[in-house]
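The chains referred to below are lettered A, B, ... by the order of the sequence lines, with proteins before strands, and numbering in each begins at 1.
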Amino acid sequence: MSEAASALDGASFEGLVRVADAGLRGMVTLRGDLGADALHAAVKQVSGCDMPGQRKITAAGDSAVAWMAPDEALLLCPHGQADATCAALARALDGVHHLAVNVSDARATFALEGDDGALREVLAKLAPADLSAEAFGPGDFRRTRLAQVPGAFWMPRQGAARVICFRSVAQYMFDLLTTAAAKGSGVGYFQA
Amino acid sequence: MRRYSAFAIAREALRYHAGWEKAWASPEPRRKYDVVIVGAGGHGLATAFYLGRNFGITNVAVIEKGWLGGGNTGRNTTIIRSNYLQDPSAAIYEKSRSLYETMSQDLNYNVMYSPRGVMMLAQTQAEVRGYLRTAQANTLQGVTTRFIDPPEVKKLVPIINLDGPRYPVLGALWQDRAGTARHDAVAWGYARACSDMGMDIIQQCEVTAVRREGGRVVGVDTSRGAIDCDKLGIVVAGNSGVMAERAGFRLPIDSVALQALVSEPIKPCMDVVVMANTVHGYMSQSDKGEMVIGGGADGYNNYTQRGSFHHIEETVRALVETFPMVSRLKMLRQWGGIVDMTGDRSPILSKTPVEGVFINCGWGTGGFKATPGSGWAMAELMAKGHSPLAEAYTLDRFREGRFIDESVAAGVAH
Amino acid sequence: MLILHCPYCGVMADETELHGGGEAHLTRHGPGSSDEEFHDYLFAKENPRGVHFERWRHVNGCGKWFHAARDTATLEVFGTYSAQTTEPPQAIRDAITARRPGWTWRHLAGSAK
Amino acid sequence: MSTRLATGGRLIDRSRLQSFTFNGARMTGFAGDTLASALLANDRMMLGRSFKYHRPRGLVASGAEEPNALVGLGHGARFEPNQRATTTELFDGAQMISQNHWPSLEYDIGAVNQAFARFLPAGFYYKMFLFPRVFWKHVYEPFVRQSAGLGKAPDAETRDADTYEHFYAYTDVLVIGGGVAGLQAALAAGRTGARVLLIEQTPHWGGRAPVDGGEVADQPVDDFVNQCVADLEAMPNVTLRTRCMGAGVYDHGYVLGYERISDHAPGMDGPRHRLWRIRARQVVTATGAIERPLSFAGNDVPGVMLASGLRDYVVNWGVSAGDRTVVVTNNDDAYRTAIALRHAGLEVPVILDARAAGGGALADAARELGIRVENGKGIARVTGSKRVTGVAICAQAGEGAVLEEVPCDAVAMSGGWSPVVHLWSHCGGKLTWDEGSAMFRPDADRAPTGHDGAPFVTACGAANGEFDLAAILKDAHAAGQAAARATGHKPGRKAAPKAQAGEEAPLEPVWLMPQGAGIKLRMKAWLDYQNDVKVSDVQLAAREGYESVEHTKRYTTLGMATDQGKLSNINGLAILSDALGQPIPQTGTTTFRPPYTPISFGAIAGEARGPLFQPIRRTPIHDWHEAQGAYMEPVGQWQRPYCFPQPGESHDDAVAREIRATRDSLGLLDASTLGKLIVKGPDAGRFMDMMYTNMMSTLAVGKCRYGLMCSENGFLMDDGVVARLSDDTWLCHTTTGGAERVHAHMEEFLQTEWWDWQVYVVNVTEQYAQFGVVGPNARKVLEKLGGVDVSKEALAFMQWTEGTLAGVDSRIFRISFSGELSYEIAVPASMGRAFWDRLLTAGKEYGVTPYGTEALHVMRAEKGFIMIGDETDGTVIPQDLGLNWAISKKKDDYIGKRAQARSHMVDPDRWKLVGLETLDGSVLPDGAYAVGEGVNANGQRVVQGRVTSTYHSPTLDRGIAMGLVLHGPDRMGEVLEFPRLDGSVVQARLVDQVWYDKDGDKQNV
C-alpha cells in the first residue's frame, strides 16, 4: 500500500534537537495477562523479543515490545507486517483469553535525535516525568502526558528518543516538540 | 445603631473618627435562643437577618467557629447573576439578585453592588443552542437576559479576542443587571444589621455536638458552653458534612477545593464580567483594578483551602487565549476555598431527619451570588416550615432521581 | 499538586497524569435494591475530614484504576493499592493506624481490630 | 538629590553605558543597574503615586519588597504595567513610564484626595455612596475605578510578542535563595551526592552578605561566596540557577520556579519566562529577611527609605539617595548604613536610636567615625512633600514634642527584620513569635508535610530568624545536611565554615514613633505605602470591631497591595494587637499565598497559546476539508466541517445544497471522528448487555444494532451502532468525542466492579478513517470501485462485511443515519485520504457532494432520529425519547436500569418526545418553550415542553422540529404556543417526529 500516509508525511525540524515524523510504523496492541507464560512465548515467537518488564521496552531487529500496563503490551514492527503479526498472535494464543489488534494507523511516531541532554529537556518541558539519566534511559518506556495529550516515549539509545501519540493530535505534538526544541530555549539542566 | 452616611463621615472626620461605634457586638452566649444558626458566613447571617426582618424572630444566635465572613464569603470572585436554566435555580438566584439591588440601602452598608453585566460566551454551536434555550427559559422566568452577537460582545468587551484560532466567539448570553458586589461587605453589613436587631453573633465558638431528644433538636454544645434552642440552622459551607454528622445524618456532598486568583491592579479595561465555559475561565475587573479570575475545582476531597496548580494553569491559558493582553499582566495572589459539591451540583435547603434542624449547603461554586436569596428562603423555611424558593431543594430529591442539573445548558460551570 | 504511587506501573505519578474517581469500596446496587440502598450507593459518600479511601485512574499512564488511602486534611497518603479489593488491605490499615491511631472509616476502626 | 557616586558599586560595569527613558526623558545607567538604581542615579526619587490619596511615592527598598517603584515598561507588544523597578535589570533602550497619575507625575489631579484624606479613612466607602442608589454604578464607582488601578492596561489588541515555556524538574533537594545561607545549604546537601537544585531570584549570588561585610573562614565574605559558587558548579549533581524565583510551594513537594530569562535582554531568542514545576523531595528555604519600616509621621515622603535599601544603593550600585541622610533605628543593623554612607563620603547628620540604651559595637564604630548618635530619640515628623527636606526630632518615649529640626534629603529607617517566611507558610508551615527579635519565625516543629506525612521544608539562615553570619552558616549547613539525609543521602563530617561573629545590642520593638504619638501624627504615619493605610486606619478598624487580622486587612486594605504587605504586615498587626490589648501572637498573621512576588500570566500559560492553546484533533481528511474552504466546527477537540460553502454561498445555502445532493444522488461524509471500541472475551456478551440497554449478546455475527448507553444515574449518555465481529468480539461505535468517555466508562466497570469477567476493550477510533457514502447512487459508486459485493442480497440493511474495496482493506457497514441508502466504510487511517480521493473520482459522474455536520443533523432530524446532546442533555432517559424498543425487557440488569425505576423517572408527567410542526411552516426558535397556564409559586410562567432540535428542512421546505412535551405522545394533533424571544408566539402542532420516508423504503433498497 504505497499510498499509505503518516499523519505528517515526513515533516521535520532542526532546533535544539532534530524532530521528525518517524513515518508509519506497525503497531499491535496486545491485551492479556503479561505474566502468563503463554503470552511470553507468543510474544517471543511473533516478535523475537522478550516480554518487557514493568515500564520497559525490548527490541530485536526491527521489532520491539513495550510494556503499557500489566495486561497490555505494544508490539512494534514494520508497517506492512501488523496484520500478519495480529494473525500470528491469534494462532499462538489460540484458546488463551487475549485481544490483539492492529493500531498502526491510530498513532503517530516522532523521532528526536541530537544532544542527549537537550533531548531530555525537550521532553521535560512537556511531560511531568523525571527525565534525568538516573531515572530514565535506553530500555525504559514511559506512558505519560505531553502538555495536554497522552503520549509515550522511549530512548532507542543515548541521544535519541521516540515519542508516540494518537494520530489525530500528530500536528499538535509536532508543534509542541518543535516549540520545546526552538533555538535559544535550552535549559541546561541535564548537562552533566 | 448610628446610621452611616456621608454626613456621618464628615461629622466624625472633625473629631478624627474617634466616635465610631462597633459595627456589631461581641456578646457572651446566652443559655437559650429561639433559633441558633451555625455559621456566620454570608448565608448564615442572611438567614438570621431575614428571620428578623421578615418574621420578627430576633431571639437568634449566629455561632461561628472562626471569624464572621471568614469562609467562602471572603474567598469568592464576587459574581452575581441569575441567568440559570432550571426554574428552581432561576427563581432563587433572581430573588437573590434583586435583593442585591437594594442591599446597600436595606442594610445601611455599602456592599458596592455593581450591576455591570455578566456575559457568558458561546464558543460552539452546542453552546449557542444551550444559551438560546437559557434565554428562552429566562424570559418565562422573569429573568432579563438576551443573546447577543459577536460585534456587541466586542463592543462591551474591547479586550476580547473574537477569533481565537480554536473557539471563535459566536455570541453570548448577556444579563445586564448582573454584576459584582464587595463580598466582605455583604457579611459585615448583615452582621451589623443582625446585631442591631438584638441578635447575638458569637465568633470563635465551635459547635461540638447537636443535642437531640426524641428525634428533635434541643440545643447545641459549643466550645463556650451549652446553648438551648428550638430550631437549628446549619449553614456551614465547606464543613457541612462534618456538622451534619454531629447532628446525626449524612449529606450527599463532597468537599473539594475551588480556586481563584487576581492580577495586579491596572486601569479600567473591562467593565463587565465575562465567563467562557468552553475554555474554563472567567474574569472581571474589581474596583481596585485587579482582574479577578475564577479557577476550577479539584477532582478530589480536600479540606486544605489549597488547590492544585494545574487548575490555575488551565484557567490562565484560557484567559490568555480569550483576552490576549492579559499575557503581560501578572498573577498577584491565588487562594482556595472549600466548597460543597452535591450529586447534581445544586444546593440543598431542606428539613432534615432531625426535627427542628434545617440544612443549607451544597452551593458548590455558586454560593456568593445566592447569599441574600438563600437567606431569604432559609428564613422562610425555618419560620414557616416551607418556602416556595426552597421547595425543589430537598434532601430526598436524590432518592427520587429529581435532579436540578444546571450543567445541561452547554457545559455551564456555575 | 498530589503525587501518588501507581501500584500498577510503579511510578510516582503527578496529579496531572491522574483522574480522581471519588470514594472507593462502594457496593453496587442494581435492580431489586431498595431506594435507600440505591441512594446510598450513588450519593451517600463518606466525606471525612481525615482518612479517606478513594479511587484514582492513572489515565495518562497505564490506564488502570487504583485505590488510595489519604488524609483529606493534610493530604498525607498512607498507601495506594489494587482496585480489585472490596475493602482496604490489612497492610494499608496498619499503615494508617501507625499514623492516625484511633482512626475510623465506615465500619473500619484502626484501634478496634 | 540622589546621584551616582564617583566610585563604588560592586554590581555595575561602568564601562557599559545603557541608555533609557523615563516619562520620555533620556537617561543613562550602567550594565548591572536595576531600573531603580539607574533612576535613582538620575535623581529620580519620586516614581509614582499612591493608590488612594495619590501621594507622591519614592523608592523605599532595593528588592522584592518594594511597594512604590512600579513602572510601565516597554511599549507596544512588549508593554507591561507594574514592573517593580527594584527587581528588573536595566537594559539598553528601556522605556519607562510612571503610573497612577493624571495628567503627570508632578502635577496630579487625583492628589486632591490628599486634602480630603481626613474624610476618607479606612472603610469610608462602606459608609457612604449609599444614596441615591443608581449613583454607585454611574457616578461613584467609575470615579473609584479610574482613580485606583495603578498601571495602564496593555492595549486591547496587544498580542504578546514573547514566548513562554514550562519545565519539569525532579530533585532531591531544592534550595531557594542564593545568599550565603542558600549557598552553604546547597554545599552541605550537594556533598552528600544528593541531587540539588539551587535557585536565586536575582542575577547575583551572595544575597546581602557582601553588602553587610564580614569574614568567613578567614576570607572576606565576597571571596567566600565566589568559592561556594565555584565549588557548587564543580559538582555534577548540583544545578545553579539565577534569575529564578521560588514563587510558591505546593502540596507534595511541588514548587514553582519563575525564571526570567530575557527580561534583561528583551527580544533575544527563546522564551521570555520559564515556569519551573519542580518536584522536590526536600525544600530548603534560604529566602533571607526583609527590613521593616518605622511608623512615624511623614514616613512616606520620597527620600524616606529602608536603611538596608539605602546601603544597597551605595554599595551595590554606587548611588547615593541623598547628600545628608538621617538614620533612625531600633536596632544595630542600621548603623551599617551610616557607616557605609560615611565611607562613601556622604553626610550623616545624626543617628536617632529609639533605644534608651542605644546600640553596641556598631554604634561605637559610628561614633568613632564622628557621627552624632542620639539614644532614646525618634522622628516626630518628616518635612517635605515630594522630597524630604528635614526631620523633627523628638523623644521616643514622649508624644512628639519637637526637640530639634535637622535638614536632610534622605532618611534611612530600620524597625528590625522579618524573616521571609512566605514559602515556608504556603503549604501549611506554622510560625512562632520570637519575642527577643520581635519577629515571626518558622516553627520547626510544625513544618509543612508531604505525601508521606513527613516534613519537607526546612528554613535556614535569616529566613529562619538567624542574623549573625556565623549562626546563619551553621544553621544553613545543618539544614542542607538534614534535607539530604531525609532523601537517603549520608552527610559527611565536614562542619560549617567558621565566621567572625559580631556582638549586637538587642533590638527594642518600636511599633509607633514616638510611642505616645497623637492622632494627628498617627494619621500621617503610614503602614502600607501603596494602599495608603495608616496607623490611624488600623486603630479605627479595631475600634469598629474588625478585630480579626483578616477583618482588619480587608477593611483597611492593609497588605493587599502588589507587595502583599511585605513591609506593612508585621507593623500593622502590631498596631492592631496594641489596639486590641492583646499580645501579637494572639492576633496572628494573615495567610501567605503564592506567588511570592507576582508572576506573569504568560509564564503560567506557557506554550499553550495560539495553535497550541488546546490540541486540535484532525481526521485524515482534515487538510482536504480546509483546502475546500470548509467552515469548521469544534466538536470536542475535533474539528469537523459544518458545511462546505461554495463561493457566494451562505452557510444555509450550502447546507441545503448538500442535503439535496445527498437525497437526490450521492453525498459523502467524513465520519472518522466516530468512536470505535473493540470489546472481546468470553464474558464480552454479558458485559455488552450491562453496558447497553439493548440485548447485545444475541446480536448475530455479521449484523449491526443501534444501541443506547446510560449512566448509572439512568441518563442517556451515548448511542451508536454496534457490530458483532465474531463469536467473542463486538465493535462499538460511539458519538464523536464520546470514545474516550465511553472507553473510560467500560474500563471503570471492568476494573472496579466486574474484575473477574474476562473482557478486554481497546479503543481503535483513530485506526480507521470512516466515510459515509450516502444517497440513491451509493451502491453504484461502490460497485464501480469494485472488490466487494455490496448488493442488497449480499449486504442487507444493518449488516456489515469486509473485503478489499478499490484495493483497500475495508469494513463496510450498511447503516443509515440519513434515511437514504447508505454505507459506512472504514479503512486504515493511513489509506484514508487515498480512499477518499477514489470515492470523489468514482462519484464524479453522480455529482458527489461532501456534506458537513449541519446537513447530517438536518437529515437525521428529517428522519426523526435523536442526537445525543440535542434530544439529550444529561437529564433525559431513553424512555423520554420513546426509545423503549431499544431497552431490553428480558434483562435483569443494565447500567442505569435501577435508576430508571426511581419515582421521578417513572413519573407519568415526564416530558416525552414528539415532532413539532409549525402552523405557518416557519422554523421554531432554538430552545423555545411551550407555555402552559398561569405561573408557578415563584411567579414563573408555567411551561409544558421545549424544543430540542429545530431546522429548516430543504427536503420538505418547511420548519421541522422535535421536542419534549408533557404527555406529548398522547396529545398528537394538539397545538402549543412557543413564545419567541421578541415576544411574538409561534404555534406548533404535535406530530410524529419522522418527517421523511416514514416506512424506511429508501434505506432498504
With under 30° as parallel and over 60° as perpendicular, where do the rings of D:Y254 and D:Y250 fit, or are they tilted in between?
-> perpendicular
Is the B:Y4 ring parallel, tilted or perpendicular to the B:W20 ring (thresholds 30°, 60°)?
-> perpendicular
Among D:Q564, D:M632, D:R941, the residue with the most heavy-atom pairs under 4.5 Å to chain B is D:Q564
Comparing D:E550, D:K152, D:R609 against chain B, the one with the most heavy-atom pairs below 4.5 Å turns out to be D:R609
With distance as the sole criterion, is a donor-acceptor pair present between the side chains of B:Q285 and D:R145 under 3.5 Å?
-> yes
Residue part contacting chain D, namely of B:A6, when any heavy atom lies under 4.5 Å | both
For D:F601, what residues pass the ring-ring contact (aromatic ring centres under 6.0 Å, His included) criterion, not counting sequence neighbours?
-> none
Check whether B:V326 gets within reach of chain D through its side chain, its backbone, both or neither, counting any heavy atom under 4.5 Å.
-> both
Leading residue by heavy atom contact count with chain D [cutoff under 4.5 Å; candidates B:L319, B:L14, B:N138] = B:L14
Salt bridge or not for D:D537 and D:K52, using N-O below 4.0 Å?
-> no
One option among B:R306, B:R129, B:R116, B:Q123 has the most heavy-atom pairs under 4.5 Å with chain D, and it is B:R306
Honestly, the part of B:E264 sitting under 4.5 Å from a heavy atom of chain D is both
Do you know which of B:W188, B:F403, B:W24 has the most heavy-atom pairs under 4.5 Å to chain D?
-> B:W188
Taking the side chain from B:D344 and the backbone from B:D405, do they hold a donor-acceptor pair closer than 3.5 Å?
-> no
Counting heavy atoms not belonging to B:Q204, are there more than 12 under 6.0 Å from its CD?
-> yes
Picking from D:H252, D:Q637, D:H551, which has the most non-hydrogen pairs under 4.5 angstrom with chain B?
-> D:H551
Tell me, please, which residues at least two apart from B:H183 pass ring-ring contact (aromatic ring centres under 6.0 Å, His included).
-> none
Cut-off 4.5 Å, heavy atoms of chain D, and the answer for B:S114 is both
Highest number of heavy-atom pairs under 4.5 Å with chain B among D:A937, D:S548, D:S903 belongs to D:S548
Quick one: which of B:A135, B:P324, B:A318 has the most heavy-atom pairs under 4.5 Å with chain D, could you say?
-> B:P324
Pair count under 4.5 Å, heavy atoms only, with chain D: among B:E12, B:E101, B:E94, highest is B:E101
Ionic contact status for D:E547 with B:K22, cut-off 4.0 Å = yes
Option that, when pairs with chain B are counted at under 4.5 Å, heavy atom only, ranks first among D:D907, D:V943, D:D926 = D:D926
Chain D heavy atoms under 4.5 Å from B:M270: which part of the residue, side chain, backbone, both or neither?
-> backbone
Name the option with the most non-hydrogen atom pairs under 4.5 Å to chain B; the candidates are D:H273, D:Q900, D:R272, D:M905.
-> D:R272
Against chain D, label B:A191 side chain, backbone, both or neither, depending on which of its atoms sit under 4.5 Å from a heavy atom there.
-> neither
Does the D:N938 side chain pair with the main chain of D:Q940, one donor and one acceptor, at a distance under 3.5 Å?
-> no
Donor-acceptor side-chain pairing of B:R182 and B:N110 below 3.5 angstrom | no
With a 4.5 Å cut-off on heavy-atom pairs, point out which of B:C269, B:P268, B:A23 contacts chain D the most.
-> B:P268
Distance-only polar pair, side chains of D:N713 and D:R902, donor-acceptor under 3.5 Å = yes
Interchain contact, B:D184 with chain D, by part (heavy-atom threshold 4.5 Å) | side chain
